[in-house]
Amino acid sequence: MSIMRRFLATIFLMSGCICCGGNSATHRHAPSSTPSEPKHYTYEVVATYPHLTTSYTQGLQFEDGVMWEGTGQHGLSRLQRLNLSTGSADVVAELPEKDFGEGITLLGDKIYQLTWTSNTAYVYDRNTGHRIKTLRYSGEGWGLTTDGKKLYMTDGTARLSTIDPETFRRTSSVTVTYKGNPVQLLNELEWIEGRIWANVYTTDKIVIINPATGVVEGLINLEGLLPESERTPSTDVLNGIAYDSVGKRIFVTGKNWSRLFEIKLIEQ
């Protein structure tokens with residue numbers, strides 16, 4: 001997302017529901033009963049890895065021992081593989097200059113990459129990097145993840161949409177809520193052990209979402225993760241979550257950050 005949107009940032013916004021429009025998807029509200037108290041977490045840094053400060057991270061995923069990254073900015077949007085040890089990037093695909101790259105996810109032998117306002121998702125062969133399909137959708141594209149069958153997408157609002165991976169049609173959606181209030185500016189997504197983790201744009205917070213109800217069951221505070229000594233005028237916000245399902249490792253980074261972090265949650 002562009003820096004111009006920072007003034008919109010907050011986790012707690014107006015009550016009510018941001019409903020679907022312009023498509024035939026079924027919209028589900030979160031339960032109206034009094035929501036349970038979400039769990040709150042802080043973190044412990046397990047390991048750090050170098051990260052290119054020229055990479056405006058929009059999507060991050062770890063699969064079969066490979067860290068994939070999608071980057072943004074017009075003329076700089078790429079799909080790339082990262083070398084965790086060195087921080088170097090092997091560029092797999094470059095987006096057209098008109099496109100501002102957004103979230104990515106891997107499903108089977110395909111990699112999906114969103115664009116912000118071009119209403120376009122690019123699909124690549126994960127083995128060759130060749131673009132095999134271009135899909136269209138309405139509205140903005142922000143975050144993307146998968147449960148291994150379906151895709152889940154955010155558009156900058158409190159809406160979490162379920163997407164058909166073949167057609168990119170929205171099949172349903174829920175409003176993501178924290179203590180009954182919509183959580184706006186949902187950004188990069190990651191599927192972790194049956195829940196969807198989402199960066200909340202311009203904040204140091206990650207929310208853990210029940211994908212069936214949209215209810216936030218956990219709130220992770222990553223404040224102070226990147227040392228002030230490594231922040232420059234080009235350093236942007238926290239964004240990027242990846243999960244190693246085999247090693248049970250959690251990775252996070254940010255836009256133009258100098259480091260990528262492996263973290264462990266600590267419940268408060």
Side-chain angles (χ1 to χ4, degrees), residues 11 13 16-21 23-41 58-63 70 102-108 110-114 121 137 139-201 203 205-220 239-245 248 250-252 265:
I11 289 186
L13 292 185
C17 172
I18 298 176
C19 296
C20 302
N23 62 73
S24 58
T26 301
H27 185 78
R28 302 192 303 276
H29 295 259
S32 59
S33 59
T34 303
S36 59
E37 179 68 25
K39 293 181 178 180
H40 289 253
Y41 301 92
Q58 299 286 67
L60 198 67
Q61 186 163 356
F62 189 89
E63 191 77 20
E102 287 288 343
I104 65 169
T105 198
L106 281 72
L107 178 57
K110 297 175 182 176
I111 304 174
Y112 296 77
Q113 185 170 26
L114 297 177
Y137 55 86
E140 296 184 2
W142 286 44
L144 193 66
T145 191
T146 180
D147 61 4
K149 295 181 180 178
K150 304 180 294 295
L151 302 178
Y152 296 84
M153 175 180 167
T154 54
D155 59 8
T157 68
R159 180 171 67 171
L160 176 67
S161 297
T162 305
I163 305 292
D164 183 314
E166 293 301 319
T167 65
F168 232 75
R169 175 180 171 271
R170 291 180 174 90
T171 57
S172 65
S173 66
V174 294
T175 297
V176 174
T177 59
Y178 177 87
K179 296 184 178 180
N181 296 314
V183 181
Q184 304 281 0
L185 304 179
L186 296 169
N187 206 0
E188 214 270 315
L189 304 177
E190 181 74 4
W191 183 274
I192 301 180
E193 304 294 337
R195 295 296 183 261
I196 292 176
W197 292 29
N199 286 114
V200 181
Y201 181 55
T203 78
K205 306 294 194 301
I206 291 174
V207 289
I208 302 175
I209 306 162
N210 183 321
T213 64
V215 172
V216 171
E217 298 178 341
L219 180 65
I220 306 167
N239 200 52
I241 310 166
Y243 183 58
D244 173 8
S245 60
K248 308 300 180 185
I250 302 165
F251 301 94
V252 293
L265 298 192

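Residues take their numbers from the sequence shown, with the count starting at 1.
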Tell me, with the steps shown, if Asn187 and Glu102 meet side chain to side chain contact (heavy atoms under 4.5 Å, CB included). CA-CA 9 Å; Asn187 206 0; Glu102 287 288 343; 4.1 Å; yes
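Note: Phe251 and Phe62 meet the aromatic proximity criterion, with ring centroids under 6.0 Å apart. With ring centers used as reference points, Tyr243 lies 6.0 Å or more from Trp191.
Two residues are said to be in side-chain contact when any heavy atoms from C-beta on lie closer than 4.5 Å; Lys179 and Glu37 meet this criterion. For the pair Arg170/Ile163, a side-chain contact is recorded, criterion being any heavy-atom separation below 4.5 Å from C-beta on. Here the side chains of Ile104 and Leu114 are not in contact, with every heavy-atom distance at 4.5 Å or above. A heavy-atom distance below 4.5 Å is found between the side chains of Asn239 and Gln58. Residues Leu160 and Thr154 meet the side-chain proximity criterion, which asks for heavy atoms closer than 4.5 Å. Using a 4.5 Å cut-off on side-chain heavy atoms (C-beta onward), Val183 and Val216 make contact.
Between the side chain of Asn199 and the main chain of Gly240, a donor-acceptor pair closer than 3.5 Å is present. In this structure, the side chain of Thr146 engages the main chain of Lys150 through a donor-acceptor pair within 3.5 Å.
Residues Gly194 and Pro211 approach most closely at O-CD, 3.5 Å, considering heavy atoms. Minimum heavy-atom separation, Tyr178 to Pro38: CE1-CG, 3.7 Å. The shortest heavy-atom contact between Leu107 and Gly148 is CD1-O, 3.2 Å. Residues Ala198 and Ile209 share a closest heavy-atom pair of CB-CD1, 3.9 Å.
Note on residues 183-194: pairs passing salt bridge (Lys or Arg N to Asp or Glu O under 4.0 Å), not counting sequence neighbours, are Glu193-Lys248. For residues 208-217, the salt bridge (Lys or Arg N to Asp or Glu O under 4.0 Å) pairs, not counting sequence neighbours, are Arg195-Glu217.
Among Ile220, Val215, Leu186, the one residue that satisfies the side chain to side chain contact (heavy atoms under 4.5 Å, CB included) test with Val207 is Leu186. A side chain to side chain contact (heavy atoms under 4.5 Å, CB included) with Ile196 holds for exactly one of Val176, Ile208, Leu189; it is Leu189.
Under the ring-ring contact (aromatic ring centres under 6.0 Å, His included) criterion, Phe168 pairs with Tyr137, sequence neighbours left out. The salt bridge (charged side-chain N to carboxylate O under 4.0 Å, His left out) check on Asp164 picks up nothing, with sequence neighbours excluded. Judged as a salt bridge (charged side-chain N to carboxylate O under 4.0 Å, His left out), and not counting sequence neighbours, the contacts of Lys110 are Glu166. With sequence neighbours excluded, no residue satisfies ring-ring contact (aromatic ring centres under 6.0 Å, His included) with Tyr112.
Atoms OG and CD1, from Ser245 and Ile192 in turn, are 10.0 Å apart once rounded to the nearest 0.5 Å. Between the OG1 atom in Thr175 and the CG atom in Asn181 there is a gap of 12.0 Å [rounded to 0.5 Å].
Between the side chains of Tyr152 and Asp147, at least one donor N or O sits under 3.5 Å from an acceptor N or O. With no hydrogens or angles considered, a side-chain donor-acceptor pair links Ser172 and Thr162 at under 3.5 Å. Between the side chains of Thr105 and Gln61, a donor-acceptor pair is found at a separation under 3.5 Å.
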